[in-house]
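Taking it in order: structure first as structure tokens, then the write-up.
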Amino acid sequence: MAEYVPSPIKWVREQVERYEGSGGLEGTELLDTGLPVIIVTHRGNKTGVIRKTPLMRVQDGAGYVLVGSQGGAPKHPVWVYNLRESASVEIRDRTEVYTMRAREVEDAAERSRLWSLAVAAYPPYADYQAKTERVIPVFLAEPA
Ligand code: F42
């Protein structure tokens, strides 16, 4: 078993601790919004350690749309590089945990459809895209 290395960002680390520590009964929403969050467990592509990243929950049937927005920051979040390197992820949605494969969505029509779902679930994603030069990466995680 690889070692789990928590996020260096305090509020993110604490969300993961509450969410996972309660078996998915607590800490499942984004602070101040009440909107649901999932936990994506993946591997560091350089270190090989286990990383846990909370993201907004955007559902597409049995799949989940993963949006690398990072608040519209100029650079992609680091987890994007981990998923590009290795598709294998575990997704916790409250009390359920699924083994999934995540692929980056390249097709323009598919990305547009999934982006609409993402913005409907979490409207600030549209503001984040507007404030950054980069095209925000979108992944679709589907049952493995
Ligand atoms: N971020 C989003 O991008 N989208 C969301 O929808 C979102 C929602 C959300 C909801 C709740 C919450 O608590 C946080 C939320 N976040 C959301 C923030 C998200 O959880 C991440 O914190 C954020 O996207 C930044 O991700 P990051 O991977 O850049 O995190 C950094 C701070 C980090 O953890 N860095 C690690 C470190 O030690 O500096 C390294 C991480 C890593 O994976 N390293 C790789 C390795 O091999 O281990 C090397 C990677 C490489 O290629 O360099």
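When a ligand or atom number is given, it counts from 1 through the structure's own listing order.
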Can [X] and [Y] be counted as an ion pair, charged N to O under 4.0 angstrom?
X: Lys10; Y: Glu14; value: yes
X: Glu106; Y: Arg111; value: no
X: Glu142; Y: Arg103; value: yes

Check each of [options] against [atom] and report the one with the nearest heavy atom.
atom: atom 50 (C) of ligand 1; options: Ile38, Val78, Thr33; answer: Val78
atom: atom 35 (N) of ligand 1; options: Gly72, Pro8, Pro54, Ser69; answer: Pro8
atom: atom 48 (O) of ligand 1; options: Val65, Leu66, Thr47; answer: Thr47

Please report the shortest heavy-atom distance between [X] and [Y], naming the atom on each side.
X: Tyr128; Y: Ser69; answer: CD1-CB, 3.7 Å
X: Leu83; Y: Phe139; answer: CB-CE2, 3.7 Å
X: Gln59; Y: Leu117; answer: O-CD1, 3.8 Å
X: Ala2; Y: Gly48; answer: CB-O, 3.6 Å

Is [X] in polar range of ligand 1, meaning some N or O pair under 3.5 Å apart?
X: Gly68; answer: no
X: His42; answer: no
X: Val67; answer: yes

Checklist entry - If we only count heavy atoms from C-beta on, is the Arg51 to Trp79 side-chain gap below 4.5 Å? => result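 The answer is no; the side chains never approach within 4.5 Å.
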
Checklist entry - How about Arg101: does its CZ atom have over 12 heavy atoms from other parts shown lying under 6.0 Å from it? => result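 It does not: Arg101 CZ has 12 such atoms or fewer within range.
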
Item to check | Exceeds 12 heavy-atom contacts within 6.0 angstrom, atom CG of Leu31 | outcome: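 No, the 6.0 Å shell around CG holds no more than 12 heavy atoms from other groups.
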
Item to check | Distance flag for atom 45 (C) of ligand 1, protein heavy atom under 4.0 Å | outcome: yes

Checklist entry - Protein heavy-atom contact under 4.0 Å for atom 30 (O) of ligand 1? => result no

Mind checking whether [X] contacts ligand 1 via backbone (N, CA, C, O), side chain (CB onward), both or neither, at a 4.0 Å heavy-atom cut-off?
X: Gln70; result: both
X: Ile9; result: side chain
X: Tyr81; result: side chain
X: Val80; result: neither
X: Arg51; result: side chain
X: Leu55; result: both

What protein heavy atom lies closest to [atom]? Include the residue and the distance to one decimal.
atom: atom 52 (O) of ligand 1; value: Asn45 ND2, 2.9 Å
atom: atom 12 (C) of ligand 1; value: Trp11 CZ3, 3.3 Å
atom: atom 28 (O) of ligand 1; value: Trp79 N, 3.0 Å
atom: atom 11 (C) of ligand 1; value: Gln15 OE1, 3.3 Å
atom: atom 43 (O) of ligand 1; value: Asn82 ND2, 2.7 Å
atom: atom 21 (C) of ligand 1; value: Thr53 CG2, 4.0 Å
atom: atom 51 (C) of ligand 1; value: Lys46 NZ, 3.5 Å

Checklist entry - If only atom types and distance count, is the side chain of Tyr122 paired as donor or acceptor with the main-chain N or O of Val58 below 3.5 Å? => result no

Item to check | Short side-chain to backbone donor-acceptor contact, Asp60 and Val65, under 3.5 Å | outcome: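 No.
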
Item to check | Asp93 side chain to Tyr98 side chain, donor-acceptor N/O pair below 3.5 angstrom | outcome: no

Item to check | Common cluster, Ile39/Val12, ILVMFWY with side-chain heavy-atom separation under 4.5 Å | outcome: yes

Item to check | Heavy-atom gap Tyr125 to ligand 1 smaller than 4.0 Å | outcome: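 Contact check Tyr125 vs ligand 1: positive.
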
Next on the checklist: I need the atoms of ligand 1 closer than 4.0 Å to a non-hydrogen atom of Leu30, numbered in the order shown.
Outcome noted: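 Reading through ligand 1 atom by atom, the close ones are 10 (C), 11 (C).
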
Checklist outcome for this item: Val12 heavy atoms within 4.0 Å reach ligand 1 at atoms 20 (O), 22 (O)

